[in-house]
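The block underneath contains the structure these notes are about, expressed in structure tokens.
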Amino acid sequence: MRISRKMEHVHYALELGQSGQQGLSDIKLVHNCLPETSTDHIALTTQIGDLIMSSPILINAMTGGAQETESINRELAIMAREKGMAMAVGSQMSAIKNSEVASSYQVVRRENPSGIVFANLGSEASVEQAVRAVDMIEANALQIHLNVMQELIMPEGDRSFVGMLGRIEAIVRQVPVPVIVKEVGFGISKDNARQLHNIGVRVLDVGGSGGTNFAAIENARRPAAMDWLNDWGTPTSISLLEALSVYARGSVIASGGITNALEAAKALALGASAVGMAGAFLKVLRSEGVDALHRFADELHHGLILIMTALGTNTVQALGNSPVVITGETAEWCRARGIDLTSYAR
């Protein structure tokens, strides 16, 4: 029997891995040799919009919509509950169209009844579908994901994207939870960020390139691949700076190829208030097991505490105000795009 498209995505995400070219090597933290703090003083609590999160690490949207994916979401939800992390489910459109697979999403709320959970749909969704997705898992917020290039490469994907902004605006106005607009790995420009801000979107997840590559995944599924599109997209470091030129701190999530505490700390130092990770968690879970997954989450939190102590920043907000120097391709891009980097270093 042919495996589901959802499991194909999981298979190729693991097989192809992450490029690691998310641009965060261009970000240099300025060492503080007189930090005047202690690891006991560090607080990892953060805020995205109106949501207060006990960890800045978000388990970002991965999967759901097939019987085989329910066990993945169950283990991730248990980790979210035990480690105090928010968690997003994968696109729920399959469950909107076929209620038989709803359990693969609902397991997240069953395992984490008091946690912060994000629902997820694409920009093709109607207001009614968005409300159903939120109700399905009693979500605290709704992610609307943008994946134009993935759809264009996908043989069965959408070919028309007319009306995206209007549909998102209607959802923002009528859905009773905060709406987060999220790219899936191709980045958000300052021009798009301004468009989204103008229609009332108050939180962005930049989803830059450098992590799970959905262009490459869809090309792997195609009989006639368009490999020349595999490097499409804007790296996470650049997309984050583009978004922050429009959105205030406290309104931006960094994601796309972030795999360790140092990369997370760099994104938070630039001004992200949370860091989304998906591929790194999936890889550990599927290759090393549940115990390793929980150890990995502990290592991320411990690493952040060590880095924040070394920088003398007791809170995530303070980390976002610490000096960083931006170099390389990221700096060149920002200069060309008119994004001022001076304040970051000073």
Side-chain angles (χ1 to χ4, degrees), residues 13-14 17-20 22-25 27 29 37-48 51-62 72-73 75-88 108 111-112 115-118 182 205-208 210-212 236-237 240 252-311 313-320 322 324:
L14 292 169
Q18 299 184 326
S19 73
Q22 80 305 68
L24 291 169
S25 61
I27 311 305
L29 300 172
T37 191
S38 159
T39 55
D40 293 335
H41 298 162
I42 305 302
L44 294 180
T45 304
T46 191
Q47 187 165 350
I48 285 290
L51 296 172
I52 297 174
M53 299 158 53
S54 57
S55 168
I57 305 294
L58 158 68
I59 305 169
N60 225 341
M62 270 181 258
I72 295 174
N73 276 343
E75 296 301 343
L76 293 170
I78 291 170
M79 182 181 73
R81 182 189 70 215
E82 295 191 3
K83 308 303 178 185
M85 296 174 171
M87 177 178 172
V108 172
E111 295 292 350
N112 192 9
I116 294 177
V117 176
F118 298 165
K182 173 195 185 305
D205 181 336
V206 300
T212 301
T236 299
S237 62
L240 179 56
V252 179
I253 299 168
S255 67
I258 295 171
T259 62
N260 59 49
L262 180 58
E263 291 167 351
K266 288 181 177 183
L268 295 169
L270 284 179
S273 292
V275 171
M277 295 173 59
F281 287 132
L282 181 64
K283 179 182 177 182
V284 173
L285 174 61
R286 300 293 280 186
S287 63
E288 300 179 50
V290 173
D291 290 344
L293 178 68
H294 286 245
R295 286 195 301 272
F296 179 50
D298 289 337
E299 289 165 5
L300 288 170
H301 285 153
H302 182 62
L304 278 175
I305 289 169
L306 291 184
I307 292 167
M308 290 169 67
T309 303
L311 294 174
T313 55
N314 289 347
T315 65
V316 172
Q317 183 178 11
L319 177 57
S322 60
V324 295

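The figures that follow rest on heavy atoms only: side chains count, while hydrogens, waters and symmetry mates do not. Here the structure is a predicted model, which is why all the values come from computation and not from measurement. The first residue in the sequence is number 1, and the count goes up from there.
- In this structure, Ile59 and Leu76 approach most closely via the heavy-atom pair CD1-O, 3.6 Å.
- Within a 6.0 Å radius of CD in Gln317, no more than 12 heavy atoms belonging to other residues, nucleotides or ligands are found.
- Shortest non-hydrogen contact noted between Gly84 and Ser54 is O-OG, 2.7 Å.
- For Thr37, the side-chain hydrogen bond (donor to acceptor under 3.5 Å, both in side chains) test picks out Asn314, with sequence neighbours left out.
- Partners of Ser255 by side-chain hydrogen bond (donor to acceptor under 3.5 Å, both in side chains), not counting sequence neighbours, listed by chain and number: Asp205.
- Shortest non-hydrogen contact noted between Ala77 and Glu111 is CB-CB, 3.8 Å.
- Side chains of Met79 and Phe281 form a contact here, defined as non-hydrogen atoms less than 4.5 Å apart.
- The nearest pair of heavy atoms linking Thr313 to Ala318 is CG2-O, 3.6 Å.
- Side-chain atoms of Thr212 and Met62, non-hydrogen and from C-beta on, never get closer than 4.5 Å to each other.
- Atom CD of Gln47 and atom OG1 of Thr315 lie 12.0 Å apart (nearest 0.5 Å).
- Screening Leu240, Val252, Leu319 against Leu270 for a side-chain contact (heavy atoms from CB on, under 4.5 Å) leaves a single residue, Leu240.
- Summarising the geometry of Ser55 relative to Thr46, their closest heavy-atom pair is O-CG2, 3.9 Å, with the distance given to 0.1 Å.
- By the 4.5 Å heavy-atom criterion applied to side chains, Leu300 and Lys83 are not counted as neighbours.
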> Yes or no on side-chain contact (heavy atoms from CB on, under 4.5 Å) for Val275 and Ile253, after CA distance, side-chain angles and deciding distance?
Replying inline: CA-CA 6 Å; Val275 171; Ile253 299 168; 6.0 Å; no

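- For the pair Asn112/Ile78, no side-chain contact is recorded, criterion being any heavy-atom separation below 4.5 Å from C-beta on.
- By the 4.5 Å heavy-atom criterion applied to side chains, Ile52 and Thr45 are counted as neighbours.
- Distance check: Phe118 CZ to Asn60 CG gives 8.5 Å after rounding to the nearest 0.5 Å.
- Considering every non-hydrogen atom in both Ala274 and Met53, the closest pair reads CB-CE, 4.1 Å.
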>> Using the rule given for side-chain contact (heavy atoms from CB on, under 4.5 Å), can you reason through Ile57 versus Leu304, listing the C-alpha separation, both sets of side-chain angles and the distance that settles it, and then say yes or no?
In response: CA-CA 10 Å; Ile57 305 294; Leu304 278 175; 4.0 Å; yes

Just distance, no hydrogens or angles: give the donor-acceptor pairs under 3.5 Å from side chains in residues 259-269, sequence neighbours left out.
| unit_1 | atom_1 | unit_2 | atom_2 | d |
| --- | --- | --- | --- | --- |
| Thr259 | OG1 | Glu263 | OE1 | 2.9 |
| Asn260 | OD1 | Leu262 | N | 3.1 |
| Asn260 | OD1 | Glu263 | N | 2.8 |
| Glu263 | OE1 | Thr259 | N | 2.7 |
| Glu263 | OE2 | Gln22 | NE2 | 3.3 |
| Lys266 | NZ | Leu24 | O | 3.1 |
| Lys266 | NZ | Ile27 | O | 3.0 |

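- Expressed to the nearest 0.5 Å, how far CG of Leu285 lies from CG of Leu293 amounts to 5.5 Å.
- Between Leu44 and Pro56, the closest side-chain pair of non-hydrogen atoms falls below 4.5 Å.
- With a 4.5 Å cut-off on side-chain heavy atoms, Leu306 and Thr39 count as touching.
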